*Asks:* 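To start, I am sharing the structure in question, which I have written as structure tokens.
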Number of protein chains: 2
Amino acid sequence: MNTPILPTRRYRGSAIEARQAQRRQQLVDAASEVYGRNGYRHSSVKQVCDAAGLTQRYFYESFSHSDELLIACYEQAATALREEITSAAERAGPDRLERGRAMLLAYYQALKARPLIANLLLVEIRGISPAVDQAIIRALQEMNRDLTRVVARPDQQPDELLHAGVMGGVIHIALHWMASGYRQPTEVVANTAFKLSAAMQRD
Amino acid sequence: MNTPILPTRRYRGSAIEARQAQRRQQLVDAASEVYGRNGYRHSSVKQVCDAAGLTQRYFYESFSHSDELLIACYEQAATALREEITSAAERAGPDRLERGRAMLLAYYQALKARPLIANLLLVEIRGISPAVDQAIIRALQEMNRDLTRVVARPDQQPDELLHAGVMGGVIHIALHWMASGYRQPTEVVANTAFKLSAAMQRD
DNA sequence: CTGAACTGACAATCTGTATTGCCAAATCAT
DNA sequence: ATGATTTGGCAATACAGATTGTCAGTTCAG
């Protein structure tokens, strides 16, 4: 009988899983760039693969649809952003209002620092497919939960609709700011959003 | 020499311009329906023409790209919505706060009454093309102007960013409400948005 | 009634992209 | 060194939709 097939053979120093993971990550990073710049629906598989320095074949190794890649990009960016924001909140001390202000500032700072990611997260993402919409909804819910935990008054029921409204306001302020080429200083933008979020502090 | 060509000949009782305008309107109405239901990018020229009861040939008679048709749909819907809202504001009397409340109520009532139009206006529209984005920006600016005229305090400079934020909040409240299948009563929704817009009443 | 404009249906073409298949060069294990 | 695996490039195929073209039947004007 034959010896069983050895599925792992090292190549350029790393095992098959590592190589695949590496290629997948290359694709995600390149696609974040390309999608952020041209928009998802004006980008092709080939463009992404070229930008990643990989052949189209490797796209299908890691993803079955472009959707999947888009979702991977979105989730990577959203997770990173969320971590920045929550860590800024923790650094800001115990006061609820101060934490909220710090979160907003960190949010807008991050969007300004990486405009292409901002574009991907806020503009080039909506209405692609049900699966992508689900990913967006999940991400917004998570941010909403952070927001509630950190900023909302603990003595009252969170108002789901109102929170949606505040998040929408924060996002649209960002969109308006981005469309203007980041005209206003980041602090002014964060402060405007802070005024809006004051609606959560009343009944 | 020949007699000059007579460009108009009546057909089924109407002149060429009237027939063309009629067909164009048929296309816009059918497309509003189709785009609202399936989304713009999941709709084809053929689908729209079938729904309009016209041949594809007539699409190219009135529009050179699908973009143009989408923009026509959007602007027709946005204009109608805007008229409903401003007329509701006028009916509400002179008080600024009352007018604002009436506008919001009219807004959400209209979205609930015509869900497909709501979908077209708020969901299936973003990030299609630069031209469409321009149309959206124009429409939002017009609503913003209405809002400023009717609701904002006349004794202070309008804060552009803050207005963008309030509009974004109003829209996201609508999106959240629509996604829930219009769960909450319209009055509750309008009232939530009203709380948010209170940010415009302070400095 | 007759020829010209108009309409409606559909075929033909064009274009862009996803997806699969193939092969030569590079890299590995032994 | 040698054969097997892996990689990269690219060709072949498949497909969907837009756009243009054709043509027979309908409606009009005089």
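In this text the structure is predicted, and so the values were computed from the model without any measurement. Just so it is clear: chains get the letters A, B, ... in the order the sequence lines come, proteins before strands, and each one is counted from 1.
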*Asks:* Nearest to the side chain of A/Thr55, which nucleotide is it out of D/dG8, C/dT7, D/dT20?
*Replies:*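 So the side chain of A/Thr55 is nearest to D/dG8.
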
*Asks:* Specify the separation, in whole Å, of atom CD of A/Glu61 and atom C1' of C/dT19.
*Replies:*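 Taking atom C1' of C/dT19 as the reference, CD of A/Glu61 is at 15 Å.
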
*Asks:* Expressed as a whole number of angstroms, how long is the span from A/Glu68:CD to C/dT19:P?
*Replies:*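 Going from CD in A/Glu68 over to P in C/dT19 covers 11 Å.
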
*Asks:* Under 4.0 angstrom, heavy atoms only, what part of the nucleic acid is A/Arg23 near: base, sugar-phosphate, or nothing?
*Replies:*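 Contact class for A/Arg23: sugar-phosphate only.
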
*Asks:* For A/Phe59, report the nucleic acid contact type (base, sugar-phosphate, nothing); a contact means any heavy atom under 4.0 Å.
*Replies:*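 Nothing: the residue A/Phe59, judged by heavy atoms under 4.0 Å, touches no strand.
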
*Asks:* Roughly how many Å is it from NZ in B/Lys46 to P in C/dG8, rounded to a whole number?
*Replies:*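 Checked: the NZ to P distance equals 15 Å.
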
*Asks:* Can you find a donor-acceptor N/O pair under 3.5 angstrom joining the side chain of B/Arg9 to the base of C/dA5?
*Replies:*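 Result: at least one qualifying N/O pair found.
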
*Asks:* Rounded to whole Å, how long is the line connecting atom CZ of A/Arg41 with atom P of C/dG16?
*Replies:*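 From A/Arg41 CZ to C/dG16 P: 19 Å.
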
*Asks:* Return the nearest nucleotide to the side chain of A/Val45; candidates are D/dT6, C/dA18, C/dC10.
*Replies:*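 Per side-chain heavy atoms of A/Val45, the pick is C/dA18.
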
*Asks:* Can you measure B/His42 atom NE2 to D/dA18 atom P for me and round it to whole angstrom units?
*Replies:*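 About 13 Å, once rounded to whole Å.
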
*Asks:* Does a side chain donor of either A/Ser64 or A/Glu68 reach within less than 3.5 Å of an acceptor in the other side chain?
*Replies:*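 Judged by distance alone, the side chains do pair up.
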
*Asks:* Any luck finding a side-chain donor-acceptor pair between A/Gln76 and A/Gln25 under 3.5 Å?
*Replies:*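 Distance-only check passes for A/Gln76 and A/Gln25.
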
*Asks:* Between A/Leu54 and B/Tyr60, just flag the one whose closest nucleotide in DNA chain D comes earlier from the 5' side.
*Replies:*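 Of the two residues, A/Leu54 wins.
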
*Asks:* Answer yes if the side chains of B/Asp146 and B/Thr86 hold a donor-acceptor pair under 3.5 Å, and no otherwise.
*Replies:*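 Looking only at side-chain atoms, B/Thr86 and B/Asp146 do not form any donor-acceptor pair under 3.5 Å.
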
*Asks:* Just by distance, with hydrogens left out, do A/Arg101 and A/Asn191 show a side-chain donor and acceptor under 3.5 Å apart?
*Replies:*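 The answer is yes; a qualifying pair exists.
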
*Asks:* How is A/Ser44 classified with respect to the nucleic acid when contacts are heavy atoms under 4.0 Å: base, sugar-phosphate, or nothing?
*Replies:*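 The residue A/Ser44 makes sugar-phosphate contact but no base contact.
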
*Asks:* Heavy atoms only, 4.0 Å cut-off, all strands: where does A/Arg57 land among base, sugar-phosphate and nothing?
*Replies:*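 The answer is base, as A/Arg57 lies within the cut-off (heavy atoms under 4.0 Å) of a base atom.
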
*Asks:* Send over the distance from B/Leu27 CG to C/dT7 C1', rounded to a whole Å.
*Replies:*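 One finds 15 Å between C1' of C/dT7 and CG of B/Leu27, rounded.
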
*Asks:* With no hydrogens and no angle check, just 3.5 Å: does a side-chain donor-acceptor pair link A/Arg91 and A/Ser87?
*Replies:*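 The criterion, which ignores hydrogens and geometry beyond distance, is satisfied for A/Ser87 and A/Arg91.
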
*Asks:* Is any N or O donor-acceptor pair between the side chain of B/Tyr11 and the base of D/dT26 shorter than 3.5 Å?
*Replies:*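 Indeed there is one.
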
*Asks:* Using whole Å, report how far CG of A/Asn38 lies from P of C/dT17.
*Replies:*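 Atom CG in A/Asn38 sits about 11 Å away from atom P in C/dT17.
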
*Asks:* Do the side chain of A/Arg12 and the base of C/dT27 come within less than 3.5 angstrom through a donor-acceptor pair of N or O atoms?
*Replies:*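 Side chain to base: no pair below 3.5 Å.
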
*Asks:* Report the distance from atom CD of A/Gln56 to atom P of D/dC10, rounded to the nearest whole Å.
*Replies:*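 Taking atom P of D/dC10 as the reference, CD of A/Gln56 is at 11 Å.
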
*Asks:* On DNA chain C, check which nucleotide each of B/Tyr58 and A/Arg10 is closest to and give me the residue with the more 5' one.
*Replies:*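 The residue whose closest nucleotide sits nearer the 5' end is B/Tyr58.
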
